[in-house]
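Please read the structure below before turning to the comments.
Excluded from the calculations below are hydrogen atoms, water molecules and symmetry mates; all remaining heavy atoms, backbone and side chain alike, are included. When a ligand or atom number is given, it counts from 1 through the structure's own listing order. Keep in mind the model is a prediction, meaning the values are calculated, not measured.
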Amino acid sequence: MNRSSDREHIEGEKRSAVSRAAPSHAVAAQSSASHAPLWHGRFTEGPDADAVAFETSIHVDSRMAADDIRGSRAHAAMLGRTGIIPESEAAAIAEELQKIAGELERGELEIDTSAEDIHSFIEGILTDRLGDAGRRVHTGRSRNDQIALDERLYLRRAIPALQRELLGLLKTLTAIASEHTETLLSGYTHLQRAQPVTLAHHLCAWCWMLTRDSGRLSDALSRRRTSPLGAGALAGSGLPLDRKSAADELGFSGVTENSLDTVADRDYCIEITAALSILMTHLSRFCEEIVLWATEEFGFIRLSEKWSTGSSIMPQKKNPDFAELIRGRTGRVYGDLIALLTLMKGLPLSYNRDMQEDKQSLFDAYDTALSCVTVFDSMIASVSWNTERMAASCTGGHANATDLADYLVRKGMPFRTAHGVAASAVRYCVDNGINLEDMPLEELRARSPLIDGDIFEKLTPAACVAARDLPGGPNPARVREQLAALNTFIAETERSLPPAE
Ligand code: ARG
């Protein structure tokens with residue numbers, strides 16, 4: 001290698017190291033930028049190509065293009081209304097932004113990945129087309145309040161889209177449950193057979209967790225109903241902006257109270273990613289159960305072939321990979337949450353560029369959770385339920401021992417004494433290899449004369465389930481009440497969500 005090719009090689013290596021550190025799409029930013037950075041006026045030198053590649057966020061924030069345009073239209077309209085810029089120019093800006101939005105949507109305008117971010121790209125296009133009018137759009141605004149606005153507008157449409165998927169999953173689960181209010185199944189604690197329940201009761205348990213997930217997402221959004229526009233870079237603006245009217249136009253309930261807090265706040269990213277992490281915990285636990293239930297040992301379910309995979313070496317295998325992948329991707333969403341918490345923990349007021357990294361984690365958590373909910377829904381909808389195996393799980397484990405004790409309590413025996421009688425009966429059954437319901441009456445009576453021949457009808461799994469007739473219990477009528485409450489939740493949440501955009 002001669003000296004010059006040596007140097008080229010080293011330069012090339014350095015450049016690719018920078019590109020590796022920067023996200024992959026950023027490589028395109030090494031090509032000559034079509035627009036100078038918005039801040040170039042202060043500088044005599046242009047930025048190093050590697051520096052641009054490292055700092056750009058357009059590959060991540062371009063998904064908020066429509067939101068950025070929406071925000072800029074409202075801002076420009078407000079500038080026109082207040083006379084800060086000529087009304088005619090405000091109108092021209094609004095019209096051109098609308099055109100740009102349409103062109104982006106139809107794929108006629110390609111996002112230039114050499115731009116520093118989506119804000120710079122849109123402003124650049126606007127200025128190319130309108131000249132001075134385009135140069136007025138950023139009056140009284142900073143990218144610091146602009147990004148806070150874009151994120152809110154994006155989340156306001158993205159989160160309801162995820163909630164709609166969650167409601168779809170809830171509908172699938174409640175539909176399955178409503179067919180299985182009498183399907184007996186052992187309930188477990190410590191993964192040991194505990195007391196009989198029904199498949200419907202069991203599925204409803206997962207449903208309630210998902211209702212809370214949806215509630216947490218609504219809750220996180222509810223704290224972001226105020227508009228950040230007008231917070232500026234950190235200290236508002238000396239121009240007479242009408243924050244309230246821009247907020248009204250964008251459908252906010254008011255304006256944020258403190259400009260420093262507004263540009264420094266990323267609580268909403270953390271709250272939403274925390275809500276998504278808990279949602280993933282639920283899906284992951286459910287998936288663990290699916291993996292268990294699909295085993296030969298449990299055999300409670302059979303996964304459809306459409307939602308199973310095979311083995312490259314063991315021809316007989318049918319594996320629950322989708323459940324395993326969802327369980328695995330849970331770790332990734334937790335990672336996004338930890339990344340966000342760590343990102344924010346040392347930041348002084350107000351905006352710091354570190355905060356640009358929020359979107360990578362937030363969007364990754366969102367995309368991962370959304371795809372997991374969708375896949376889980378299809379996977380669970382295609383399951384066949386082996387109700388015989390489930391019913392068989394209710395016998396043989398002495399899961400009715402509590403019911404024997406309850407029988408004695410109803411006859412006046414103190415519970416602790418009744419527990420002892422039932423335990424002694426279980427001991428007898430274990431020693432003799434029989435089930436509690438097959439124990440000779442005289443053996444039972446030897447332990448308590450309060451036990452009569454009617455005990456046996458009380459010890460069937462169906463009787464054990466029927467006896468648990470309290471709100472929230474597995475009695476089929478009670479589970480039908482749960483299902484009605486879940487359906488009300490689904491309908492009310494559906495009504496409360498904004499229409500899909
Ligand atoms: N892209 C930045 C972000 O996502 C917004 C731009 C603010 N940049 C700045 N140098 N103040 O947070």
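Sorted by first and then second residue, the ring pair (Phe, Tyr, Trp, His ring centres under 6.0 Å) pairs with a member in residues 149-172 read Y154-F363; sequence neighbours excluded. Within the structure, the side chain to side chain donor-acceptor pair (under 3.5 Å) test picks out the following pairs touching residues 484-499 (sequence neighbours left out): K171-E494.
We find that R223 and D265 are not joined by a salt bridge, their nearest charged nitrogen and carboxylate oxygen being 4.0 Å or further apart.
Taking each heavy atom of L337 and I270 in turn, the nearest pair found is CD1-O, 3.8 Å.
The line from CD of E271 to CG of L221 is 9.5 Å long, rounded to the nearest 0.5 Å.
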Distances only, to 0.1 Å: what are the N or O pairs between ligand 1 and the protein that fall under 3.5 Å?
from	atom 1	to	atom 2	distance (Å)
ligand 1	1 (N)	Q356	OE1	2.9
ligand 1	4 (O)	K359	NZ	2.6
ligand 1	11 (N)	N144	OD1	2.9
ligand 1	12 (O)	Y351	OH	2.6

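Evaluation of the side-chain contact (heavy atoms from CB on, under 4.5 Å) rule for E103 yields K99, R106, E108, L109, R129 as partners, not counting sequence neighbours.
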